[in-house]
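Residues: numbered from 1 along the sequence shown. Counting starts at 1 for both ligands and their atoms, following the listed order.
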Amino acid sequence: MAGAAESGNDFGVSACLAVTDLPRAIASHDADDSVHAHAATLMAELLERGLRRLAVTFVNHAGSVLVKGVPLERLPQVARHGVGFSPVADAFGATGLIDPQQSLARPDGDLRLRPDLTALGPLDPASGWAWAPGVRHERNGDVYSLDQRGFCARQQTALLAAGLSAQVGFEIEWMVGLPEPDGEWIPAVVGGPYSADRLVQGLDYLTAVAEALDAAELPWLQLHPEYGAGQFELSLAAAEPLRAADRLVAARLVIQQVSRRFGWICSFAPLVTAELVGNGGHLHLSVAEHGVALLGGGAGPAGLTPKGEALLAGLLEHLPALMPLACALAVSYRRLAPGRWAAPFRVWGVENREAALRLVPAAGGESAHLELKVADLSANPYLLVGAVLAAVQEGLRCPRCLPPPLTGDPATASPAEAPRLPQTLTEAVLAFAASPLLREAMGEGLQRTVAEARQAEVRRSDALTDADLIASTRAWPFATGPA
Ligand code: GLU
Ligand code: MG
């Protein structure tokens with residue numbers, strides 16, 4: 001079934017950009033003349049290429065991509081001073097509504113969203129749009145302590161300082177549907193699971209997606225029909241962690257834009273209908289210490305090195321606490337049923353597609369890596385990647401014994417051998433909020449306000465029937481159903 005696909009990320013491919021200095025570039029993104037001059041040079045290059053407008057994005061606590069658009073001529077000023085964004089944006093819920101019980105649900109304050117110039121590039125050259133991920137700063141120039149990308153950058157910096165490096169790649173699964181007035185879900189492309197029929201039925205669409213990805217300079221490895229009706233999958237090339245999260249954000253915008261051109265709704269929702277399989281947002285990760293890979297070439301199970309075992313044990317330990325970051329919507333937990341290849345078990349396995357952590361041994365030019373298969377696309381990728389890096393570092397600092405890999409279907413193993421991960425968002429938030437590791441890594445304010453956002457999502461879902469809950473985020477990130 002769906003898991004028959006190969007891993008989808010070529011970890012032999014190195015990052016296209018030298019972004020080792022990226023977190024430092026963010027941290028010291030001071031309002032000095034050199035930023036202005038650098039931005040002016042980049043602006044001239046982009047104008048020369050026909051780009052005219054800039055979208056600067058960030059991803060809020062609920063996982064929505066928020067944006068400010070500016071004329072490209074304003075880049076030097078915007079790079080230096082940012083554009084205003086209210087802190088209330090992190091209190092926007094899954095459907096855009098603000099639950100007043102959150103501490104960020106207040107009208108005052110302002111932050112300055114500054115584009116990261118090291119990540120600036122085209123988004124849709126045909127319409128003249130460039131794009132850059134942004135980081136929100138206080139007016140005094142400090143990085144806002146609740147900024148998700150700032151958190152991810154700090155974790156990447158800490159990783160590098162410890163002599164470690166990581167490569168991350170995301171797989172995006174999505175479905176395309178016809179715009180039905182009553183919200184019914186009708187797949188926009190026919191054809192069976194993974195079938196070439198669906199490839200040719202949707203050939204114009206997939207060609208347009210591929211061309212748009214190329215135009216946005218987003219390197220990709222695989223693009224094909226997935227298992228579910230009207231479902232497709234894209235594997236992005238691996239990159240440094242922050243860059244990988246950036247690419248996920250941009251690639252989803254590209255897919256949305258192309259789908260819109262075809263008159264279709266594209267959904268990244270964890271679950272589109274109760275009957276269909278869900279959409280995952282799997283995270284692939286490889287880690288090296290001083291350039292030596294930790295997940296392969298060792299004498300441990302499946303070639304793990306002792307440090308590879310330790311980091312895997314650390315991830316397993318912290319997995320329940322990571323869940324509200326990997327699966328942020330209430331409906332995410334409806335996807336996490338056994339047999340849907342969504343990997344809802346707190347186990348690791350070698351090429352086991354029902355294990356939350358799937359080890360993919362080195363093969364065919366790919367280095368060994370891990371797949372966090374349980375994650376879906378409601379995740380804020382910056383929070384998820386930052387937290388995963390924190391868990392990896394903790395696992396290496398405090399090595400634990402790694403249980404044996406789970407072979408076969410975890411659903412047929414005993415609960416002691418194959419425990420389930422949290423089965424509701426409520427359960428997951430308790431683990432998240434109680435995690436000393438995440439408090440330390442994220443800071444008290446970020447951890448608390450993300451927990452508040454998840455509790456708001458729990459309250460939203462508690463007011464809905466199961467069917468209405470699925471309908472309400474059916475076309476995530478667009479709200480189509482009852483709020
Ligand atoms: N669609 C499955 C999910 O929800 C994953 C299928 C696969 O790639 O194995 O994560
Ligand atoms: Mg897949």
Side-chain angles (χ1 to χ4, degrees), residues 1-10 63 169-177 185 187 189 191-195 198-199 202 206 209 220-238 248 251-252 255 266-285 319 322-323 325-360 369-379 381 384 406 408-411 420-421 423 470 473-474 476:
M1 153 165 179
E6 58 179 293
S7 71
N9 267 295
D10 178 358
F170 279 98
E171 276 179 48
I172 302 175
E173 293 179 346
W174 78 99
M175 291 176 182
V176 283
W185 187 259
V189 184
Y194 281 95
S195 79
R198 196 186 306 161
L199 174 74
L206 283 189
V209 169
W220 55 276
L221 305 173
Q222 292 187 23
L223 178 62
H224 51 81
E226 238 287 357
Y227 184 81
Q231 191 177 35
F232 294 100
E233 173 173 306
L234 169 72
S235 300
L236 293 168
L248 173 64
R252 282 189 305 183
I255 292 168
C266 89
S267 174
F268 301 109
L271 206 60
V272 169
T273 72
E275 302 76 37
L276 288 176
V277 292
N279 289 315
H282 311 169
L283 180 157
H284 293 251
L285 168 78
L319 210 44
L322 296 179
M323 286 299 286
L325 305 182
C327 298
L329 287 169
V331 81
S332 294
Y333 297 78
R334 291 279 284 98
R335 162 180 166 259
L336 296 181
R340 285 172 173 262
W341 305 88
F345 296 92
R346 188 185 181 184
V347 295
W348 76 282
V350 183
E351 291 288 18
N352 190 329
R353 290 174 174 80
E354 276 283 75
L357 287 160
R358 167 189 172 214
L359 181 71
V360 183
H369 65 274
L370 279 173
E371 179 183 22
L372 179 64
K373 202 162 185 293
V374 71
D376 70 44
L377 293 167
S378 63
L384 177 59
L406 197 289
D409 187 349
R420 287 287 297 273
L421 284 162
Q423 296 186 43
I470 295 172
T473 49
R474 173 165 291 147
W476 168 261

Checking side-chain hydrogen bond (donor to acceptor under 3.5 Å, both in side chains) against Asn279, which of Glu226, Glu173, Glu233, Gln231 comes through? Gln231
Which atoms of ligand 1 are found less than 4.0 Å from any heavy atom of [X]?
{"X": "His282", "answer": "3 (C), 5 (C), 7 (C), 8 (O), 10 (O)"}
{"X": "Glu226", "answer": "6 (C), 7 (C), 8 (O)"}
{"X": "Lys373", "answer": "5 (C), 7 (C), 9 (O)"}

Evaluate [X] for polar contact with ligand 1, using N/O atom pairs at a separation under 3.5 Å.
{"X": "Gly278", "result": "yes"}
{"X": "Tyr194", "result": "no"}
{"X": "Glu173", "result": "yes"}

Rounded to the nearest 0.5 angstrom, the CG-CG distance for Leu336 and Asp376 is 7.0 Å
Distance, nearest 0.5 Å, that separates CD of Glu371 from CG of Leu285: 11.0 Å
What N, O or S atom of Glu233 is found closest to the Mg ion (ligand 2)? OE1
Using only N, O or S atoms, tell me which atom of Glu226 is closest to the Mg ion (ligand 2). OE2
Check salt bridge (Lys or Arg N to Asp or Glu O under 4.0 Å) between Arg252 and all other residues, then give those that pass, not counting sequence neighbours. none
Using only atom types and a distance under 3.5 Å, with no angle test, would you say the side chain of Gln423 pairs donor to acceptor with the backbone of Tyr333? no
For the Mg ion (ligand 2), does an N/O/S atom of Glu173 lie at less than 2.8 Å? yes
Applying side-chain contact (heavy atoms from CB on, under 4.5 Å) to Leu276 and not counting sequence neighbours gives Met175, Trp185, Ala229, Thr273
Do the rings of His224 and Tyr194 sit parallel, tilted or perpendicular, given the 30° and 60° boundaries? parallel
